[in-house]
Protein chains: 2
Amino acid sequence: MALAGPRRTEIKMIERLSSRQVTFSKRRKGLFNKAADLSLRCGAEIAVIVFSNTNKMYEFSSTTMEHILSRYINHGAAAGFSMESPEKKPQDEPADKYELSSCDTLSAILLLQEHIAALNLDCSRMMGMQLDGLSLKELNQLEEQIREGIESIEKRKIEVQDYYKYKPSYLLEYSNHLDRNNSQFFYGTSSSAVSDCTESGQSNDFVDTSLHL
Amino acid sequence: MALAGPRRTEIKMIERLSSRQVTFSKRRKGLFNKAADLSLRCGAEIAVIVFSNTNKMYEFSSTTMEHILSRYINHGAAAGFSMESPEKKPQDEPADKYELSSCDTLSAILLLQEHIAALNLDCSRMMGMQLDGLSLKELNQLEEQIREGIESIEKRKIEVQDYYKYKPSYLLEYSNHLDRNNSQFFYGTSSSAVSDCTESGQSNDFVDTSLHL
DNA sequence: GACTATGTATAACC
DNA sequence: GGTTATACATAGTC
């Protein structure tokens, strides 16, 4: 008689390789089933990509992977631009931003590069570089911005210190895991909802980091 | 007294819109949790993309979406990406040498988005946001970086003040204009391919403003 | 958004 | 790869 069931299993990396592989197979299958279920029941379009420990790739997609990915790309490309030009009002989203078709790849790339240039400039300036052309007023704004950043960081440092002081280890598990992978996402916030056509503001994917100078 | 539980549910599209939406929310959350579990327990890298009926997008990714997707693209490109054409795909085709394949374009965009995500993260952190997952040491490094930035800005402010002091204003405007146009630097560093197999930590070195945390 | 009865996924074992 | 006991997910309901 098997007395075993899924005992209170702590959520952490399984050490034993064989167990890990078995668990991976079973759970991966379960995950794909869940995805298929959700897709069918709710008419959702779902893609799941999994890379195992051993760099093997597994995928599920309710329609075509390519279709979902290009849909994702277009969505992200559109949603990613909130502020490449500081002159523009960030809240007013002109309709044309969401009209990127999959054929507009070249312009999408150009826009992304523009976006990168702007972000690069912002980053550089916060590090005290590329300050040419900023007026005194703008320099003051920049400095103010940065000082607020430092304040937040100081606060966070205290939080982290307390956190480690009183750490419940089960809370650290996932964030530690993510730390190892150098991810910016924390467990609860890695899922985000962004509307396809009409967006009313909230977007977790791309934080508006523009300095608006 | 609620006598209900999940009765045997046939797997088909849920007709009632409200039920479908509720179910979608619950199951999507469940799916993402499963993905997170699997990722953590087995050290897998997982991405899930979901488009709802109403074209809302939701995503989960154990690391960054861009990283996983470009890994997917590269993997697929190397090992039989063509599912629809069972025939072989010779890579040495002089014909499309000067033509970007859709795969290349997609991966180019992903690379750019990954770049943007990294820059966004850097900028956010310098502004005191997105600090989750940074260790105390990293927070200190970040703060140090920023303080150096402030120092440079202070110095620049003095320069500018002197500039105003000793320069006729009609010359000032014009040179300010020139400064501004010259200050935008481009995405000059050639974008190196992101290595897939070796997870040697952060690989956004192509950003010269990277914080290297 | 919380509750609860019930179905489902799955860890340990074969 | 199959079985079973148990934890987990969740449909219907408030």
Side-chain angles (χ1 to χ4, degrees), chain A residues 1-54 56 58-62 168-175 177 187-193 195 200 202 204, chain B residues 1-54 56 58-62:
Chain A
M1 48 182 171
L3 296 172
R7 296 276 156 82
R8 221 178 135 55
T9 52
E10 99 183 285
I11 301 183
K12 58 167 292 191
M13 168 79 88
I14 300 169
E15 301 85 357
R16 277 212 322 160
L17 180 62
S18 60
S19 300
R20 190 165 64 216
Q21 285 172 337
V22 168
T23 295
F24 177 74
S25 279
K26 290 181 175 180
R27 278 182 173 268
R28 174 172 44 79
K29 191 182 164 191
L31 183 68
F32 286 176
N33 282 335
K34 287 273 179 206
D37 259 35
L38 178 56
S39 160
L40 271 172
R41 294 179 133 102
C42 306
E45 199 169 19
I46 302 180
V48 183
I49 298 173
V50 176
F51 285 97
S52 75
N53 239 1
T54 57
K56 270 205 165 200
Y58 304 85
E59 62 181 290
F60 165 85
S61 56
S62 63
S169 60
Y170 59 89
L171 278 181
L172 286 173
E173 282 163 10
Y174 199 80
S175 62
H177 172 67
Y187 176 73
T189 58
S190 52
S191 56
S192 61
S195 164
S200 56
Q202 179 231 359
N204 292 336
Chain B
M1 53 192 73
L3 298 172
R7 296 277 153 80
R8 99 183 74 93
T9 51
E10 88 181 295
I11 302 183
K12 58 167 290 197
M13 168 79 90
I14 299 168
E15 300 86 356
R16 276 214 319 159
L17 179 63
S18 60
S19 300
R20 190 165 63 217
Q21 285 174 337
V22 169
T23 295
F24 177 74
S25 279
K26 289 181 176 179
R27 280 182 172 268
R28 173 172 46 77
K29 190 182 165 192
L31 183 69
F32 287 176
N33 280 335
K34 288 274 180 206
D37 258 34
L38 178 56
S39 157
L40 191 44
R41 294 179 133 101
C42 305
E45 200 168 19
I46 302 181
V48 184
I49 298 172
V50 176
F51 284 97
S52 75
N53 243 1
T54 56
K56 273 205 170 199
Y58 304 84
E59 63 182 288
F60 166 85
S61 55
S62 64

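Atom set for the values below is all heavy atoms of this structure, side chains included, hydrogens, waters and symmetry mates excluded. All chains are named by letter (A, B, ...) in the order of the sequence lines, taking the proteins before the strands, and each is independently numbered beginning at 1.
- Look at B:R27 and you'll find a side-chain N or O under 4.0 angstrom from OP1 or OP2 of D:dA11.
- In this entry the distance linking CZ of A:R16 with P of C:dC13 reads 9 Å, nearest Å.
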Please tabulate, for the side chains in residues 26-37 of chain A, all donor-acceptor contacts under 3.5 angstrom to protein atoms that are two or more places apart in sequence or on a different chain.
| from | atom 1 | to | atom 2 | distance (Å) |
| --- | --- | --- | --- | --- |
| A:N33 | ND2 | A:K29 | O | 3.4 |
| A:D37 | OD2 | A:R41 | NH1 | 2.6 |

Counting only pairs under 3.5 Å, give me each side-chain donor-acceptor contact of residues 14-25 of chain B, with atom names and distances, residues two or more places apart or in other chains.
| from | atom 1 | to | atom 2 | distance (Å) |
| --- | --- | --- | --- | --- |
| B:E15 | OE2 | B:K12 | NZ | 2.9 |
| B:R16 | NE | B:S19 | OG | 3.3 |
| B:R16 | NH2 | B:S19 | OG | 3.0 |
| B:R20 | NH1 | B:I14 | O | 2.8 |
| B:T23 | OG1 | B:S19 | O | 3.0 |

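- For the OP1/OP2 pair of C:dT10 and a distance below 4.0 Å, the side-chain nitrogens and oxygens of B:K34 include at least one atom meeting the criterion.
- The interatomic distance linking A:R41 (CZ) with D:dA9 (C1') rounds to 11 Å, in whole Å.
- Atom CG in B:N33 sits roughly 18 Å away from atom P in D:dA7 (whole-Å rounding).
- Taking A:S39 as the reference, A:I46, A:S62 meet the side-chain contact (heavy atoms from CB on, under 4.5 Å) condition, with sequence neighbours excluded.
- Taking atom CD on A:E10 and atom P on D:dA7, their separation rounds to 15 Å, with Å as the unit.
- Between the CG atom of A:D37 and the C1' atom of C:dG7 there is a distance of 12 Å, given to the nearest Å.
- Between B:K29 atom NZ and D:dT10 atom C1' the separation is 11 Å, expressed in whole Å.
- From A:N53, atom CG reaches atom CD of B:E45 across 10.5 Å, with rounding to the nearest 0.5 Å.
- Remark on the helix from C:dG1-D:dC14 to C:dC14-D:dG1: inter-end axis angle 40°, axes from five-pair C1' superpositions, rounded to 10°.
- If you take CG of B:L40 and P of C:dT10, they are 15 Å apart, rounded to a whole angstrom.
- B:L31 has its CG atom 14 Å from the C1' atom of D:dT10, to the nearest Å.
- Residues of residues 18-26 of chain A having a heavy atom closer than 4.0 Å to DNA chain C, listed by number: A:T23, A:K26.
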